[in-house]
Amino acid sequence: MHNAEPRLKFIKPQEPMLVLEAPVSDDWLHEIKYDGFRTQLILDWAGARAFTRTGVEVKALLAGHRCR
């Protein structure tokens with residue numbers, strides 16, 4: 001499939017900042033990071049792609065590996 005529009009690009013995420021205490025306010029959301037890695041999913045006219053937080057396409061990292 002081909003479209004005249006360019007594909008969507010990776011957006012560098014904000015880096016977390018280590019603090020002693022989380023802010024207390026209804027304006028803040030918090031996330032607990034468990035073992036694993038963050039993935040940015042991009043859905044556009046040509047399909048879906050997944051990237052690590054540094055912009056490496058996940059497909060390239062998983063080449064040759066089988067998921068169970």
Side-chain angles (χ1 to χ4, degrees):
M1 174 174 5
H2 179 67
N3 190 326
E5 294 182 42
R7 295 203 68 184
L8 297 175
K9 296 186 185 324
F10 172 79
I11 299 171
K12 185 177 184 223
Q14 288 185 317
E15 295 293 325
M17 182 188 325
L18 182 61
V19 296
L20 295 177
E21 294 182 14
V24 179
S25 167
D26 289 339
D27 295 332
W28 286 89
L29 296 175
H30 305 284
E31 174 184 347
I32 296 172
K33 176 70 171 75
Y34 295 104
D35 193 19
F37 59 92
R38 300 176 194 280
T39 306
Q40 182 180 122
L41 298 175
I42 299 178
L43 303 173
D44 62 16
W45 62 268
R49 292 172 292 153
F51 295 89
T52 66
R53 69 178 174 86
T54 59
V56 176
E57 192 166 0
V58 173
K59 178 173 57 175
L61 291 176
L62 299 177
H65 295 282
R66 266 182 83 183
C67 296
R68 324 184 215 164

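Heads up: numbering here begins at 1 and tracks the sequence.
Considering Ile11, Ile42, Val58 as possible partners of Phe51, the one that fulfils the side chain to side chain contact (heavy atoms under 4.5 Å, CB included) test is Ile42.
More than 12 heavy atoms of other shown residues, nucleotides or ligands fall within 6.0 angstrom of atom CZ in Arg7.
Here the straight-line distance linking atom OG1 of Thr39 with atom CZ of Arg53 works out to 11.5 Å at 0.5 Å rounding.
What you find for Glu5 and Trp45 is that their closest heavy atoms are O-NE1, 3.1 Å. Taking every heavy atom of both residues into account, Leu8 and Arg49 meet most closely at O-NH2, 2.5 Å.
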